[in-house]
Amino acid sequence: MNKTALNTNASRPNSFKTGPDERGHFGLFGGRFVAETLMPLILEVEKAYNAAKADPSFQQELDYYMEHYAGRPSPLYFAKRLTEHLNGAKIYFKRDELNHTGSHKINNCMGQILLARRMGKKRIIAETGAGQHGVATATVAALFDLPCTVYMGAVDIERQKPNVFRMKLLGATVVPVKSGSHTLKDAMNEALRDWVTNVEDTFYIIGTAAGPHPYPAMVRDFQSVIGKELRGQMMKAESRLPDSLVACIGGGSNAIGLFYEFLDEPTVKMYGVEAGGHGIETGKHAASLNGGRPGVLHGNRTYLLQDADGQILEGDSISAGLDYPGIGPEHSYLFDTKRVNYVSATDNEALAAFQLCCKMEGIIPALEPAHALAYVTKLAPTLPKDHLMVMNLCGRGDKDIFNVAEKLGVTL
Amino acid sequence: MSVNNRLDARFAELRAANQAGFISFTVAGDPDYETSLKLLQALPAAGVDVIELGMPFTDPMADGAAIQAADLRALAGGMTLVKTLQMVREFRALNTTTPIVLMGYYNPIYSYGAEKFARDAAQAGVDGLIIVDLPPEEDEEFRPAAQKAGMYVIRLTTPTTNEKRLPAVLSNSGGFLYYVSITGITGAATASEQQVQNAIARLKQHSKLPVAVGFGIKDAAGAQTVARHADAVVVGSAIVQTVERNLNCRHELVTNVCTYVQTLSTAVHDARKKAAA
């Protein structure tokens, strides 16, 4: 690594991988901003997680289920037709949509439920927006025979019916959240309320790399299998590291999972693509970094969509999975230190990329990675043909076809 | 620490009278600024010893449905943190003795500017602050400024706050200790008398501060039971629900809510006399 080059910028640390500190801070961000009712619970999770991390049998058990149940490693696929079409950078997809349950969410859920079992917890709760995390949680809860309650905003239940039915098939109880704005942030509020009420027996599987410490670090660790696999796969395919990584950002778990392995590789450029909704300039978006400012919500300090009084605003995105007014605190840190470039794609750009991917590669992507792909279609043509670009195709789009049909004016 | 804090004076009076204190919780701006201010001004005459005033927030995670709905009503009516401080100033112009404790969440304060808020709140006449999601581990950026301005930082303790954690919670807290009598959110289940009695005894071993008990106290009878043991009793959700029931008759809202509050405060004030009789 070229340390001299890094040191020319005073704000850049020697390593981007040292966080969080022992109290959960990534620079200004992260931490444990929770009510006293929750504090003993998250301290208990932290202690248990630290013990699990130090226990090789925990990682062995996780590796076993990741390989034989979830289907890892996910392939690294050279998107040949798309590359030819865009006529620039060489584009690879990290195929996390091929995981069991259809997204990267299983990586984290498997890790957390194994931790819950180690802790002797008897009941699982989760929040979900698009339903991908809810489905993944319901799946692992079924696998280990633990009762599972998933909180989901009433509005999201309406726009993600197939996933609601999946969760029910898997034996989970889906609770419609009708407080606040009836979406993901309110589902998270309700899950936290459940947790403080059922402190003894319940484990809360948070779906993204946000929330109070240790969740952002723990979720990142479980998701970082994505980048670790990619390093080996890319060395095998091209005998060198990728030049750029692109991932969509809601809470940011798939992105941090892709980026983390490469944060201290200065030649690897990174792009996090936020949901631009109707356009950042319209105010109707879910781009916390590009359209928000630092604040405190759901246990951590991070960039938030908020009004002048510090009241939390609703996100607005075609993708329920990106529709969250906050973002994982590590992304806020990587944004402020400029290690990662955070950009955005609008609803319409994502819809166009969604269709392009179907036709060019025979892959129906989820609307979330369609945002990442939208940025790929802008960036790749500007780059030389030997530039290696990897996009995390973090979810499949089966859940989105009804929504997309409606946007395209098609009646099913 | 302030030597002239109204909370100290009020708890000294209560101790001298061998009475438990009654703390009411209402949300600033619920259902609108004018009605909320009138209610605030009427509470002391209804027997309220300490006013706990909620600073509305869109995402009050530690609160139940009743208080979240009240927060959203206030916000829908245009309430802001600036207006909450204005309401305290207007209250103080007519009442210089009833302590006011602001309760809320950190983001609006952080957005306002933590140190500026500490100065402005103290200047407006606030005596104590409960910031639910600002635990001792994170409060260094705000607590010293609040204390310097003469306000107490009041911390929540819960049934799950164990012996190891209690010293951290108690250090730098002042005014009174707020004991959350249940594991859960405001307005939920109710703790047994024995549980409350044991918890207060435990806290008293660690701290000389008065202990106020809240969360899950739903009626006069429940308040009276807790008042036999606690230095003060907090009722929130039940009062806020009374506000909600009177939304369609706002001209009578203040009177109706105060009639209810009077039954609670009387029950609390009479608790020890009744227990002795």
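Letters A, B, ... mirror the listed sequences (proteins, then strands); counts begin at 1.
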Closest heavy-atom contact between B:Glu138 and A:Gly31?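 For B:Glu138 versus A:Gly31, the nearest heavy atoms are OE2-CA, 3.2 Å.
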What are the two closest non-hydrogen atoms of A:Leu43 and B:Arg165, and how far apart are they?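 Closest approach of A:Leu43 to B:Arg165: CD1-NH1, 4.0 Å.
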At a 4.5 Å cut-off on heavy atoms, which part of B:Ile109 comes close to chain A: side chain, backbone, both, or neither?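 Contact with chain A: none, neither part.
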So for B:Glu137, is it side chain, backbone, both, or neither that comes closer than 4.5 Å to the heavy atoms of chain A?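 B:Glu137 touches chain A through backbone and side-chain heavy atoms alike.
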Atom [atom1] of [X] and atom [atom2] of [Y]: how far apart are they, to the nearest 0.5 Å?
X: A:Leu38; Y: B:Thr160; atom1: CG; atom2: OG1; answer: 8.5 Å
X: A:Arg301; Y: B:Tyr106; atom1: CZ; atom2: OH; answer: 6.0 Å
X: A:Met39; Y: B:Thr157; atom1: CE; atom2: OG1; answer: 14.0 Å
X: A:Glu36; Y: B:Tyr179; atom1: CD; atom2: OH; answer: 11.5 Å
X: A:Gln311; Y: B:Thr80; atom1: CD; atom2: OG1; answer: 8.5 Å

Do other residues, nucleotides or ligands put more than 12 heavy atoms under 6.0 Å from A:Lys284 NZ?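 Open.
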Step through the shown structure and confirm whether more than 12 heavy atoms of other residues, nucleotides or ligands are within 6.0 Å of CD on B:Gln86.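 For B:Gln86, atom CD is crowded (more than 12 foreign heavy atoms under 6.0 Å).
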For chain A, find its close neighbours in residues 191-205 of chain B: heavy-atom separation under 4.5 Å, sorted by number, or none.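 Expected list: none.
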Please list, in residue-number order, every residue in residues 18-30 of chain A that has a heavy atom less than 4.5 Å from any heavy atom of chain B; write 'none' if there are none.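 Listed by number, the contacting residues are A:Arg23, A:His25, A:Leu28.
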Of all the residues in residues 207-218 of chain A, which have a heavy atom that comes within less than 4.5 Å of a heavy atom in chain B?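 Heavy-atom contacts from residues 207-218 of chain A to chain B are absent.
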Which one wins on heavy-atom pair count under 4.5 Å against chain A: [options]?
options: B:Met79, B:Arg155, B:Gln68; result: B:Gln68
options: B:Leu134, B:Thr161, B:Val180, B:Leu72; result: B:Thr161
options: B:Asp139, B:Asn107, B:Val82, B:Thr158; result: B:Asn107

Where does A:Leu41 contact chain B at under 4.5 Å (heavy atoms): side chain, backbone, both or neither?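 Neither; nothing under 4.5 Å.
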Report which part of A:Gln306 has an atom under 4.5 Å of a heavy atom belonging to chain B: side chain, backbone, both, or neither.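 Just the side chain, heavy atoms under 4.5 Å.
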Within a strict 4.5 Å, meaning less than it, do heavy atoms of the A:Arg293 and B:Ser111 side chains meet?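 SC-SC contact between A:Arg293 and B:Ser111 confirmed.
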Pair up each side-chain donor or acceptor in residues 54-62 of chain B with any protein partner under 3.5 Å, not counting sequence neighbours, and list the distances.
{"unit_1": "B:Thr58", "atom_1": "OG1", "unit_2": "A:Ile312", "atom_2": "N", "d": "3.0"}
{"unit_1": "B:Asp59", "atom_1": "OD1", "unit_2": "A:Lys185", "atom_2": "NZ", "d": "3.1"}
{"unit_1": "B:Asp59", "atom_1": "OD2", "unit_2": "A:Lys185", "atom_2": "NZ", "d": "2.9"}
{"unit_1": "B:Asp59", "atom_1": "OD2", "unit_2": "A:Asn189", "atom_2": "ND2", "d": "2.9"}

Main-chain N/O of A:Leu297 paired to B:Asp133 side chain as donor or acceptor, under 3.5 Å: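 Side chain of B:Asp133 to backbone of A:Leu297, a donor-acceptor pair under 3.5 Å: no, none is there.
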Among [options], residue most engaged with chain B (heavy-atom pairs, under 4.5 Å):
options: A:Gly299, A:Ala308, A:Pro294; answer: A:Pro294
options: A:Ala35, A:Gly180, A:Gly310; answer: A:Gly310
options: A:Val196, A:Asn198, A:Asp309, A:Val199; answer: A:Asp309

